[in-house]
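Notes to accompany the following structure.
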Amino acid sequence: MTKIQSIARTLAILAVFAAAPIGALNAAESLSMKPNHGISFDVGQERAVSYFQAGNGTCELVLTIAGEPDWDAGPSFTATRFEASVTPQKPVRFGSALEFACQPGAGAMSVTHLKEIAAR
């Protein structure tokens, strides 16, 4: 990847973070999404942006999570992208912290921050 492509990618991700509505997502709380409308929320020390498209009764989910950029080293950070086809009545989990559920007809989707259980 060239330096220009890297800078363009970073700027595009930052634009998505800036444009999406912001929500706080605490343990056992949910946020809802409508098709093609992104939401932005915190997951621990990271920031998440997600959206979905309705397709054939399923929710085509896209989730991007990134930590805070290291501005001292230049605009650099690591982002994780997760994609999944979510059918109604069959929620999908990302790690142990997030659960995504598609509503019947794929007209809405919810994201729930699951209460984390401490390891013993």
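Note that the numbering runs from 1 along the sequence shown for the chain.
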Query - Leu114 vs Arg93 side-chain heavy atoms within contact, under 4.5 Å - result: yes
Query - By side-chain hydrogen bond (donor to acceptor under 3.5 Å, both in side chains) - contacts of Thr58 (at least two apart) - result: Glu60
**Report entry** Separation between CD1 of Ile65 and OG1 of Thr78, rounded to the nearest 0.5 Å
**Finding:** 13.0 Å
Requested in this report: Identify whether Met109 and Phe82 are in the same connected component of the hydrophobic contact network (ILVMFWY, side-chain heavy atoms under 4.5 Å).
Outcome: yes
Query - Atom pair CG/OG of Leu98 and Ser50 - distance to nearest 0.5 Å - result: 8.5 Å
Requested in this report: Would you please test Arg81 and Val62 for side chain to side chain contact (heavy atoms under 4.5 Å, CB included) and show each step?
Outcome: CA-CA 7 Å; Arg81 182 179 172 109; Val62 177; 3.6 Å; yes
Requested in this report: Apply side chain to side chain contact (heavy atoms under 4.5 Å, CB included) to Arg47 and Ser40, showing your working.
Outcome: CA-CA 7 Å; Arg47 192 86 183 133; Ser40 177; 3.0 Å; yes
Query - Hydrophobic cluster identity match, Leu61 and Phe94, side-chain contacts under 4.5 Å - result: yes
Query raised in the report: Rounded to the nearest 0.5 Å, how far apart are CD of Gln103 and NZ of Lys34?
Result: 12.0 Å
Query - Check: Pro35 and Phe52 side chains under 4.5 Å, non-hydrogen atoms - result: yes
Query raised in the report: How close do Thr112 and Ser30 get, heavy atom to heavy atom, and via which atoms?
Result: OG1-OG, 2.6 Å
Query - Non-hydrogen atoms of Pro88 and Gly57 that approach each other most closely - result: CD-O, 3.3 Å
**Report entry** 4.5 Å side-chain heavy-atom contact, Pro104 and Gln89
**Finding:** yes
Query raised in the report: Considering only heavy atoms from C-beta outward, does the side chain of Glu99 approach that of Val111 to under 4.5 Å?
Result: no
